[in-house]
Novice: 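Before anything else, here's the structure in question.
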Amino acid sequence: MAAVSIALAFSFDSLKQNQSTKLTLSSRYPSLYSSRSHRRSSLRFASLPSSHSPSISTATETGEEEQEEESTPTKSSGSYDFLEETFRTGRFLSNAELEKLKALEGFAYFQELESGTMWIRVMRQDEMDSTVSLLAESFGESMMLPSGYQSVLRFLVKQYLIERREVLPHAVTLVGFFRRKTDSLSDGEEEVVEMAGTVEVCLDKRGANASPPSPTPPKESPYVCNMTVKEDLRRRGIGWHLLKASEELISQLSTSKDVYLHCRMVDEAPFNMYKKAGYEVVKTDTVLVLLMLQRRKHLMRKKLPPTTTSPSDVVESDNDLTSSVNV
Ligand SMILES: CC(=O)SCCNC(=O)CCNC(=O)[C@H](O)C(C)(C)COP(=O)(O)OP(=O)(O)OC[C@H]1O[C@@H](n2cnc3c(N)ncnc32)[C@H](O)[C@@H]1OP(=O)(O)O
């Protein structure tokens with residue numbers, strides 16, 4: 001394993017502690033963007049089931065909360081047992097963090113595609129293994145690793161996802177599900193819901209990866225990474241909507257609207273998607289990264305339009321919608 005040095009899309013903090021298994025998944029996951037006209041309108045809500053709301057600490061002015069959060073990150077917030085297991089971080093949270101967790105818990109993005117229906121939400125704890133498989137397969141594919149490496153990749157990806165869950169609500173893994181249209185099923189084939197893709201969204205400085213790939217994005221800015229769509233479900237618009245859902249989440253929950261991502265120069269599909277979505281290359285790796293056995297990457301950025309909705313507004317206004325959006 002000592003010789004395995006992979007440049008992909010992860011910044012595996014845990015891997016750095018073990019230099020003998022250095023696998024830097026660093027930038028193969030560009031984003032999915034295509035301005036497909038056939039895609040119909042999407043609905044996305046950030047909401048909290050109303051049955052949960054009574055135990056929520058009082059929300060205060062968002063800007064003030066953010067400042068408090070920076071200076072006193074462990075400000076007591078009381079119990080948060082009302083949150084699903086997935087959203088419990090095992091550490092004390094500020095009120096602003098709790099509000100974000102609630103918004104994440106209720107976040108759901110629906111989309112009707114030509115070939116079926118898809119929806120996207122935050123990965124639940126019991127979906128971690130499926131997400132790990134999806135990512136490990138994709139990393140293996142992009143790094144052209146023999147299948148024998150799958151178990152190592154799975155192990156590393158799982159460690160990574162566990163670590164990233166600990167920074168909730170500052171970074172979050174989204175998962176996308178897909179259900180084929182019944183008329184596209186062959187005789188005897190049952191309608192199934194498949195996990196179709198995943199993407200990670202870092203919302204702020206505290207959710208930023210400790211060692212991001214080069215060219216380095218600003219830590220305080222939202223960052224999208226580790227996007228993948230199951231191979232047999234590609235070219236249906238799923239990647240595009242994973243990106244859209246990420247942007248919607250950022251619009252709702254992040255104060256900064258400059259979204260960054262990395263895209264390897266060799267990855268034409270995601271590069272096309274990001275360009276279509278309005279991302280521009282801000283910097284590109286020099287050829288020197290080749291000496292570190294890494295692929296050259298573009299750092300890309302998009303300025304999201306300003307939104308009038310603050311995170312606390314989102315939670316409040318969506319309380320009415322909750323029961324219909326929890327997937
Ligand atoms: C920031 C990051 O995470 S970078 C890492 C990106 N991830 C990867 O490269 C992993 C392997 N690749 C994949 O998983 C997929 O190919 C993805 C995620 C890049 C795209 O997912 P898909 O669901 O296939 O994309 P989708 O169907 O939504 O297409 C969106 C747009 O991307 C572009 N695109 C997608 N696939 C291709 C392709 N094979 N060739 C050229 N352009 C493509 C097109 O512009 C397309 O828009 P269009 O259909 O209107 O032409």
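Whatever order the structure lists ligands and atoms in, that order sets their numbers, starting from 1.
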Novice: Using a 3.5 Å cut-off on N or O atoms only, is D267 in polar contact with ligand 1?
Specialist: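 So ligand 1 has no N or O lying under 3.5 Å from an N or O of D267.
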
Novice: Just so I know, are the side chains of R236 and R180 near enough to count as touching, which here means a heavy-atom distance under 4.5 Å?
Specialist: yes

Novice: So, are E247 and K244 salt-bridged, with charged N and O less than 4.0 Å apart?
Specialist: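 Salt bridge between E247 and K244, a charged N being under 4.0 Å from a carboxylate O: yes.
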
Novice: Side chain, backbone, both or neither: which part of H241 has a heavy atom under 4.0 Å from ligand 1?
Specialist: neither

Novice: Would you say ligand 1 has an N or O under 3.5 Å from any N or O of K276?
Specialist: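 So ligand 1 has an N or O lying under 3.5 Å from an N or O of K276.
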
Novice: Would T198 and N226 satisfy side chain to side chain contact (heavy atoms under 4.5 Å, CB included), going step by step from the backbone distance to the final call?
Specialist: CA-CA 7 Å; T198 181; N226 300 331; over 6 Å; no

Novice: Kindly indicate, with the supporting measurements, whether the criterion side chain to side chain contact (heavy atoms under 4.5 Å, CB included) is fulfilled by Y279 and V259.
Specialist: CA-CA 9 Å; Y279 287 79; V259 186; 3.6 Å; yes

Novice: Using a strict cut-off of 4.0 Å, indicate which atoms of ligand 1 neighbour a heavy atom of V224.
Specialist: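 Listed by number with element, the hits are 1 (C).
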
Novice: Please confirm whether N272 comes within less than 3.5 Å of ligand 1 when only nitrogen or oxygen atoms on both sides are compared.
Specialist: yes

Novice: What atoms of ligand 1 come closer than 4.0 angstrom to any heavy atom of G237?
Specialist: 26 (P), 27 (O), 28 (O)

Novice: Can you sort out which atoms of ligand 1 are near N226, meaning under 4.0 Å from one of its heavy atoms?
Specialist: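 With N226 as reference, the close atoms of ligand 1 come out as 3 (O).
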
Novice: Examine E141 against ligand 1 and note whether any of their N/O atoms are separated by less than 3.5 Å.
Specialist: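 So ligand 1 has no N or O lying under 3.5 Å from an N or O of E141.
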
Novice: Side chain or backbone, does L261 bring an N or O within less than 3.5 Å of an N or O on ligand 1?
Specialist: no

Novice: So, are E194 and R179 salt-bridged, with charged N and O less than 4.0 Å apart?
Specialist: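 Salt bridge absent between E194 and R179.
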
Novice: Number the atoms of ligand 1 from 1 as they appear, then name those within less than 4.0 Å of a heavy atom of I238, with their elements.
Specialist: 23 (O), 28 (O)

Novice: Which ligand 1 atoms are under 4.0 Å away from a heavy-atom of R234?
Specialist: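 Listed by number with element: 11 (C), 12 (N), 13 (C), 14 (O), 15 (C), 16 (O), 24 (O).
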
Novice: So, regarding C263 and ligand 1 (criterion: nitrogen or oxygen to nitrogen or oxygen, under 3.5 Å), is there a contact or not?
Specialist: no

Novice: Enumerate the atoms of ligand 1 whose separation from the nearest heavy atom of C225 is less than 4.0 angstrom.
Specialist: 1 (C), 3 (O)

Novice: Would you mind running through ligand 1 and noting each atom that sits below 4.0 Å from a heavy atom of H262?
Specialist: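 Atoms satisfying the 4.0 Å criterion: 1 (C), 2 (C), 4 (S).
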
Novice: When you look at L242 and V224, which way does the side chain to side chain contact (heavy atoms under 4.5 Å, CB included) test go after all the steps?
Specialist: CA-CA 10 Å; L242 281 169; V224 173; over 6 Å; no

Novice: Near Q125 CD, under 6.0 Å, is it more than 12 heavy atoms from other residues, nucleotides or ligands?
Specialist: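 Counting other residues, nucleotides and ligands, CD of Q125 exceeds 12 neighbours.
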
Novice: Which atoms of ligand 1 sit under 4.0 Å from any heavy atom of S138?
Specialist: 10 (C)

Novice: Taking distance alone, with no angle check, do M227 and ligand 1 share an N/O pair under 3.5 Å?
Specialist: yes

Novice: Are L134 and K230 side-chain neighbours, meaning at least one heavy-atom pair lies under 4.5 Å?
Specialist: yes

Novice: Honestly curious: do V266 and L293 fall in one hydrophobic cluster under the side-chain, below-4.5 Å linking rule?
Specialist: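 Shared cluster, no.
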
Novice: If you measure from the Lys or Arg side-chain nitrogens to the Asp or Glu carboxylate oxygens, is any gap between D129 and K158 under 4.0 Å?
Specialist: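 K158 and D129: salt-bridged.
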
